[in-house]
Amino acid sequence: MRLLVVEDDRDLNRQLVSALEDAGYAVDKAFDGEEGHFLGDTEPYDGVILDMGLPRMDGIRVLEKWRRDGRTMPVLILTARDRWSEKVQGFDAGADDYVTKPFHMEEVLARLRALLRRAAGHATSELSCGPVLLDTRSSRVVVDGSAVRLTSHEYRLLAYLMHHQGRVVSRTELVEHLYDQDFDRDSNTIEVFVGRLRKKLGVEIIQTVRGLGYIAAPPDAPKKP
Ligand code: CA
């Protein structure tokens, strides 16, 4: 899952990015509304954390422009404590949820998890695929009851495929959703990660769909052509 953080307070921006990276997400950042709007308009994010008070273009305008142009990614807005009207304007502009400053990082992470899983159509924070359980709260993966240790890239890959279970995901889509902007993107590395992940999981839940990409499905599910 790849996220965008738009926050002009540099310390807060850094804290958010590092907490999100620790939680297993690929994260891009912007420090003003114009830069944030541009990134959200051109890159396929799975979710955005958007501050309302931003230089160059305020958060409400950024959000309105995205929604007007058909950008549907989940957006969590950050609002000032005493400005209830910001929340109302934010929801009207297309926000999916809000957190009031100052906030606890755990709350931001929990609200974000909820947004991401709802966007992908899941009701709980634990995803399962056959014998594989993935807990998006703890970033832990368990196969047949035993914990499997994954690197952050392997975890992101598995989490993305499991969020979109039953649908073919192309290599390009994976590259776009697993790596941040600054990462040296090479779609061949996806193949390497898939290989390692299959080995570590030890069960066949990731099928290769020739010429199209990959699909996560329980081992006993009918194979896709
Ligand atoms: Ca601000």
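Atoms within a ligand are numbered from 1 in the order they appear, just like the ligands themselves. Start at 1 with the first residue, then count along the sequence.
Taking backbone and side chain together, L54 holds no N, O or S atom under 3.0 Å from the Ca ion (ligand 1).
A donor atom on one side chain and an acceptor atom on the other are found under 3.5 Å apart for R198 and T208.
V169 pairs in a side-chain contact (heavy atoms from CB on, under 4.5 Å) with only one of the listed residues (Q165, R171, R167), which is R167.
Remark: E107 CD to L112 CG distance equals 12.0 Å, nearest 0.5 Å.
Salt bridge annotation for K101-E7: present, with a cationic side-chain nitrogen under 4.0 angstrom from a carboxylate oxygen.
The name of the N, O or S atom in D8 nearest to the Ca ion (ligand 1) is OD1. If you look at D51 and ask which of its N, O or S atoms sits nearest the Ca ion (ligand 1), the answer is OD2.
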